[in-house]
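Step one of this worksheet: look at the structure below.
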Amino acid sequence: MTKTTRRAMIAGNWKMNGFKASEAELVTLVTSLSAQPTAAEIVVCPPATLIAGFAARTAGTPVAIGGQNCHAAAAGAHTGDLSAEMLKDAGAQYVIVGHSERRQDHDETDEMVLRKVEAAKRAGLVAIVCIGETLMEREQGHTLSTLGRQVAESFPDTFLPGELVVAYEPVWAIGTGKTPTSSEIEATHAYIRDKLRTHCGAMADDVRILYGGSVKPGNAKEILALPDVDGALVGGASLKAADFLGIIRAL
Ligand code: PGA
């Protein structure tokens, strides 16, 4: 497959934002996409409190719902955690794993991320697996070695392209308004795709690689047009339907 045959995905990561009243943004999104459909897969990952309500509201619409994290175990004595099976039961079809804020705030290691990717598969969720270098790793010239390690250690030995989506998110670009240049993004995505070949051989060409980090309506067109960029994982600009739609319509 090539960019033209891989189905684009635009996923919104609401992080720790949103209340029941935020469903109004979701309704605006659904209404617009129903009136003017897109070929892309559209996913909204709200906080866990909103997953069941949002899943019920979007059933049968062009919008799918995802979680932002899951525990590796299916059930058990893990106070405050949610399993992939629970997310699925609430109506989620996707789950973000290994987001840099989880890696930083909760000391998640590549090995923990790998177990969460396996949990997502076990539960029948598509994992959106985040990787990305920190500013220090970038400044020390370690971007590619960091990404290579993350792909080697947080991805299963083998997987099918439909089981996971990769999200390349440079940590220094998240929420900062800074982005790598287009040629840097393209070169990095091509490197990641090459690394994926170790896991799924030529089928790596079928795996979607999203870019994330300060994607806005104003820069989406240029980023989304890059040959190895198959969509975007959007944080801040996914909270308002108008901004999120601006990114979706840039495809
Ligand atoms: P941002 O976040 O779009 O606000 O930079 C992206 C992300 O963390 O997924």
So which heavy atom on Lys116 is nearest to which on Arg102, and how close?
NZ-NH2, 4.4 Å
If you take all heavy atoms of Ala11 and Ile128, which pair is closest and at what distance?
CB-CD1, 4.2 Å
Side chain to side chain contact (heavy atoms under 4.5 Å, CB included) between Thr179 and Tyr211, intermediate numbers included:
CA-CA 10 Å; Thr179 54; Tyr211 169 78; 3.8 Å; yes
What one should report as the nearest heavy-atom pair of Cys130 and Leu233 is SG-CD2, 3.8 Å
Looking at side-chain heavy atoms only, is the closest gap between Val234 and Asn13 below 4.5 Å?
no
Is Ile42 linked to Val215 within one hydrophobic cluster, defined over Ile, Leu, Val, Met, Phe, Trp and Tyr using a side-chain heavy-atom separation of less than 4.5 Å?
yes
I would like to know whether Arg122 and Glu118 meet salt bridge (Lys or Arg N to Asp or Glu O under 4.0 Å); could you show each step before the answer?
CA-CA 6 Å; Arg122 185 187 65 221; Glu118 290 166 348; over 6 Å; no
Are any of the side-chain heavy atoms of Leu239 and Phe244 separated by less than 4.5 Å?
no
So do Leu26 and Val44 actually touch side chain to side chain, heavy atoms under 4.5 Å?
yes
To the nearest 0.5 Å, what is the distance between CG on Asp89 and CG on Leu82?
11.0 Å
Just do the side-chain hydrogen bond (donor to acceptor under 3.5 Å, both in side chains) check on Glu169 and His99 with the steps written out, would you?
CA-CA 8 Å; Glu169 300 203 303; His99 191 281; 3.2 Å; yes
Between atom OG of Ser22 and atom CG of Asn17, what is the distance when rounded to the nearest 0.5 Å?
8.5 Å
Would Arg249 and Ser32 satisfy side-chain hydrogen bond (donor to acceptor under 3.5 Å, both in side chains), going step by step from the backbone distance to the final call?
CA-CA 11 Å; Arg249 300 296 181 208; Ser32 172; 3.0 Å; yes
Between the OG1 atom in Thr109 and the CG atom in Leu114, the distance rounded to the nearest 0.5 Å is 9.0 Å
For Thr2 and Asp205, run side chain to side chain contact (heavy atoms under 4.5 Å, CB included): C-alpha distance rounded to whole Å, both residues' side-chain angles, the deciding distance at 0.1 Å, then the answer.
CA-CA 7 Å; Thr2 62; Asp205 285 332; over 6 Å; no
Arg6 and Asp206: CA distance, side-chain angles, deciding distance, salt bridge (Lys or Arg N to Asp or Glu O under 4.0 Å) verdict
CA-CA 6 Å; Arg6 290 187 293 264; Asp206 300 350; over 6 Å; no
Between Gln68 and Tyr94, is a side-chain hydrogen bond (donor to acceptor under 3.5 Å, both in side chains) present by the stated rule, with each step listed?
CA-CA 9 Å; Gln68 298 176 9; Tyr94 300 81; over 6 Å; no
Looking at CZ of Arg208 and CG of Asp228, how far apart are the two atoms once the value is rounded to the nearest 0.5 Å?
14.0 Å
Could you tell me whether the side chain of Lys240 reaches within less than 4.5 Å of the side chain of Glu25, counting heavy atoms only?
yes
Nearest heavy-atom neighbours spanning Ala123 and Glu85:
CB-N, 3.7 Å
With a 6.0 Å cut-off (strictly less than), is the heavy-atom count around CD of Glu153, excluding the residue itself, greater than 12?
yes
Between the side chain of Thr28 and the main-chain N/O of Ala24, is any donor-acceptor distance below 3.5 Å?
yes
Are any side-chain N or O atoms of Asn219 and backbone N or O atoms of Lys216, one a donor and one an acceptor, separated by less than 3.5 Å?
yes
Yes or no on side chain to side chain contact (heavy atoms under 4.5 Å, CB included) for Met203 and Leu160, after CA distance, side-chain angles and deciding distance?
CA-CA 8 Å; Met203 275 195 295; Leu160 296 172; 4.0 Å; yes
Could you go through Arg138 and Glu184, starting from their C-alpha distance and side-chain angles, then the distance that decides it, and tell me whether this counts as side chain to side chain contact (heavy atoms under 4.5 Å, CB included)?
CA-CA 12 Å; Arg138 174 180 163 91; Glu184 282 173 332; 3.5 Å; yes
Same cluster for Ile185 and Ile174 if Ile/Leu/Val/Met/Phe/Trp/Tyr side chains link at under 4.5 Å?
no
Roughly how far apart are Ile51 CD1 and Cys45 SG, rounded to 0.5 Å?
8.0 Å
Side-chain touch Tyr168/Val229, heavy atoms, less than 4.5 angstrom:
no
Joint hydrophobic cluster, Leu29 plus Leu251, side-chain heavy atoms closer than 4.5 Å:
yes
Quick check: do Met112 and Arg103 have side-chain heavy atoms less than 4.5 Å from each other?
no
Between Ser154 and Asp110, is there a donor-acceptor pair closer than 3.5 Å when you use the side chain of the first and the backbone of the second?
no
Show the nearest heavy-atom pair for residues Leu164 and Pro156, with the distance to one decimal.
CD2-CD, 4.1 Å
Using the rule that Ile, Leu, Val, Met, Phe, Trp and Tyr join whenever any side-chain heavy atoms are under 4.5 Å apart, tell me whether Trp172 and Tyr191 fall into a single cluster.
no
Donor-acceptor pair, Gln150 side chain versus Gly132 backbone, under 3.5 Å?
yes
Group every Ile, Leu, Val, Met, Phe, Trp and Tyr by side-chain heavy-atom contacts under 4.5 Å, then state whether Val171 and Ile131 land in the same group.
no
Flag side-chain contact, heavy atom, 4.5 Å: Ser145 against Thr143:
no
Pair Trp14 + Phe54: ring centers closer than 6.0 Å:
yes
Keeping Ser238 on the side-chain end and Gly12 on the backbone end, is there a donor-acceptor pair under 3.5 Å?
no
Please report the shortest heavy-atom distance between Ala92 and Gly67, naming the atom on each side.
CB-N, 4.2 Å
Val165 versus Val126: any side-chain heavy-atom pair under 4.5 Å?
yes
Are the charged groups of Arg115 and Glu108 less than 4.0 angstrom apart, N to O?
no
Using 0.5 Å steps for rounding, measure from the OG1 atom of Thr134 to the CD atom of Gln104.
8.0 Å
Tell me whether Asp157 at atom CG has more than 12 heavy atoms from other residues, nucleotides or ligands lying less than 6.0 Å away.
no
State whether the side chain of Lys15 and the backbone N or O of Gly235 hold a donor-acceptor pair below 3.5 Å, judged by distance alone.
no
Tested for side chain to side chain contact (heavy atoms under 4.5 Å, CB included) against Val166, the lone hit among Val129, Val207, Leu210, Leu147 is Val207
Against Asp230, only a single residue in Arg7, Arg193, Lys3 fulfils salt bridge (charged side-chain N to carboxylate O under 4.0 Å, His left out); can you say which?
Arg193
